[in-house]
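All values derive from a computational prediction rather than experimental measurement. Labels below follow one simple rule: chain letters A, B, ... track the order of the sequence lines, proteins then strands, and each chain is numbered from 1.
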Amino acid sequence: MSKEIGITVKKNEDFSEWYTQVVIKAQLTDYAPVKGLIVLRPYGYSIWEYLKSSVDQKLKVTGHENGFLPVLIPESLLSKEATHFAGFTPEVFWVTHSGDTEIGDRLALRPTSETLAYSMYSKWIKSWRDLPLKINFWNSALRAEIKSTKPFLRTSEFLWQEGHTVHATKEEAEEEVAIILDIYRRTVEDELAIPVILGKKSEKEKFVGAVYTTTMESIMPDGKALQMGTSHFLGQNFSKPFDVKFLDRQNIETFAWQTSWGISWRLIGALIMVHGDDKGLVLPPRVAPIQVVIVPIYSSQPDKEMILKKASELKEILMKKGLRTHMDSRDEFTPGYKFNDWEMKGVPLRIEIGPKDLPKNKMVLARRDSLKKSDLSFDNAEDEIIKILDEIQENLFEKARKFLNERTQNITDLGQFKKEIENGMFLYSPWCGDQKCEELIKESTGADIRVIPFDEKKSNAPCIVCKKPSKTDVIFAKGY
RNA sequence: GGGACCGUAGUCUAGCUUGGUAUGAUGCUAGCCUGGGGUGCUAGAGGUCGCCGGUUCAAGUCCGGCCGGUCCCA
């Protein structure tokens, strides 16, 4: 009856509006009173928790420890590395007063913590024995978004992790950069079921202050690219101004080699966009706060008792198997309402148990990915359910990978390039390596070099812009 | 950076042109009914009309500023 409860626009007709409705109506988030800030509601936060614990476990296995840094950074410290500071200063929030007293060295609300972390590291690191130092920080960062904000994708404060490591050699630091990017890739592909393209950023797009930035990029349904996570090789760019040095085995004072890397709740935004449909969220089972929802259906009182008993038993069995299971025994809603409600919230698998099922010793399964229903016997149902959840996870990834493949094209002709960029494509094109050509493309088409893929294919074709010999093939796309 | 639009109960919304203290739905509470795709009936509660100021006897309505949101383009 009242359609306003659900999503009122189609994903492929009004993508922006669809996204906004999904994040609000699935109760992931709500707007805070200050521009550009959002509140995470429990359902949204628990997705973040699963994502976080998945990354955290992988970081622990590879020898990283967690720490905590304060949110305020004095300007004198933030400005110590000049390019880094210039890059961030337009979006820094400043604290200028404590009470009524003006603060002389005003304080930045951290846009990122390199400067603060490394000023501490310089105190802690004296000898080669202190290395490597590998600390990760789960916190939030603040970057003022003046215009167009969007929940999870562009907000003035966001949850993330930032890792900061220090190494004795260049080689070891570069290896760390690669290890981290692989952790990110596994998390995003295996848990979020989103395929990514790995590679380096161009000089123009790299992290301000880094020697180079490695990245993973993915395509969204509107054809725009989303940066899913970055891992930076900082070289000695920060160790010199921040005096992060140590005595090596030969008793020679040496500047350390550093890395930094991060992923944010932007990944939740990607998750919503990539898998969602006209009915709302579609969550991959591995990060779904609720993996299985049981909807009991009954009319008479004796039916109700029997069905609730059977449903509770099933829930116990599934919980013992480690499945995050919820029984929706709300009496004030009809089954139809509940079906729509849980579909909007993206629960991967729904189980319906009603009077028609019990005599046949079966239940009805409804998959969120395909919206198909099927019967399942109660005997050893748990094994089949686990199998189906794995299938859903796999199916979502395959669908997304197929989309990425369909939207990726090799283009060597500039005219064709301009046309295909407008169609929302990832274009694999030859580039001479000159930043001028990169900027020209940006001006004339709005596309960036999203990533210079690691599996460097070099076609014989000349640079798509200047027609000089190309250095490498890169991926161009419009970005978020 | 440029532009367009919007803000009235938890949510959606009428009223604004032509100033006179706000309409309907949904949701909420209670009771009944119902239940396999967004149930029905009855009663009840729910409002600083985003905020500040101006014009006026009188402002949701007219004017200005601010805050917040949405979309499009670079």
In whole Å, I'd like the distance from the [atom1] atom of [X] to the [atom2] atom of [N].
X	N	atom1	atom2	value
Phe333(A)	G38(B)	CZ	P	14 Å
Ile307(A)	U34(B)	CD1	C1'	15 Å
Asp375(A)	G36(B)	CG	P	17 Å
Gln21(A)	C12(B)	CD	C1'	11 Å
Tyr480(A)	C73(B)	OH	P	12 Å
Ile24(A)	G7(B)	CD1	C1'	15 Å
Ile297(A)	U34(B)	CD1	C1'	14 Å
Leu440(A)	A74(B)	CG	P	16 Å

Considering every strand shown, what is the Watson-Crick or G-U wobble mate of [N] when both distances are under 3.5 Å?
N	answer
G35(B)	none
A4(B)	U70(B)
U61(B)	none
A43(B)	U29(B)

When all nucleic acid strands are considered with a 4.0 Å heavy-atom cut-off, which category describes [X]: base, sugar-phosphate, or nothing?
X	answer
Pro355(A)	base
Asp331(A)	base
Asp357(A)	base
Lys279(A)	base
Val295(A)	nothing
Lys35(A)	sugar-phosphate

Hydrogens and angles aside, do [X] and [Y] bring a side-chain donor and acceptor to less than 3.5 Å of each other?
X	Y	result
Glu162(A)	Ser113(A)	yes
Glu420(A)	Gln416(A)	no
Asp473(A)	Trp431(A)	no
Asp222(A)	Tyr480(A)	yes

According to a strict under-4.0 Å criterion, is [X] in side-chain N/O contact with OP1 or OP2 of [N]?
X	N	result
Lys150(A)	C71(B)	yes
Tyr19(A)	U70(B)	no
Lys338(A)	G38(B)	no
Thr20(A)	C71(B)	yes
Ser299(A)	U34(B)	no

Provide the distance between the two [atom1] atoms, one in [N] and one in [M], to the nearest whole Å.
N	M	atom1	value
U55(B)	G65(B)	C1'	15 Å
C6(B)	U13(B)	C1'	13 Å
A4(B)	G47(B)	C1'	30 Å
C63(B)	U23(B)	C1'	27 Å
G20(B)	C5(B)	P	25 Å
C72(B)	A30(B)	P	43 Å
C71(B)	A59(B)	P	36 Å
G24(B)	G19(B)	C1'	23 Å

Shortest side-chain distance from [X], nucleotide among [options]:
X	options	answer
Val34(A)	G36(B), G68(B), G37(B)	G68(B)
Tyr31(A)	U39(B), U70(B), G38(B)	U70(B)
Tyr298(A)	G36(B), G37(B), G35(B)	G35(B)
Val364(A)	G37(B), U39(B), G36(B)	G36(B)
Ser16(A)	U70(B), C72(B), U39(B)	C72(B)
Pro335(A)	G35(B), G37(B), U70(B)	G35(B)

Margin query: If you assign Lys478(A) and Leu371(A) each to the RNA chain B nucleotide with the nearest heavy atom, which residue ends up on the more 5' nucleotide?
Written below: Leu371(A)
Next item on the list: Find which nucleotide of RNA chain B each of Phe339(A) and Lys442(A) is nearest to by heavy atoms, and output the residue with the more 5' nucleotide.
Entry: Phe339(A)
Next item on the list: Hey, can you tell me if Phe207(A) and His232(A) have their rings parallel, tilted or perpendicular (30° and 60° cut-offs)?
Entry: parallel
Margin query: Should the side chain of Lys373(A) and the base of G37(B) be counted as holding a donor-acceptor pair, with the cut-off at 3.5 Å?
Written below: yes
Checklist line | Tyr298(A) and Asp331(A): CA distance, side-chain angles, deciding distance, side-chain hydrogen bond (donor to acceptor under 3.5 Å, both in side chains) verdict | finding: CA-CA 10 Å; Tyr298(A) 42 78; Asp331(A) 230 2; 2.9 Å; yes
Next item on the list: Determine, for Glu439(A) against Lys442(A), whether the closest basic-nitrogen to carboxylate-oxygen distance falls under 4.0 angstrom.
Entry: no
Checklist line | Spacing of CG belonging to Asp369(A) relative to NZ belonging to Lys399(A), to within rounding of 0.5 Å | finding: 5.5 Å
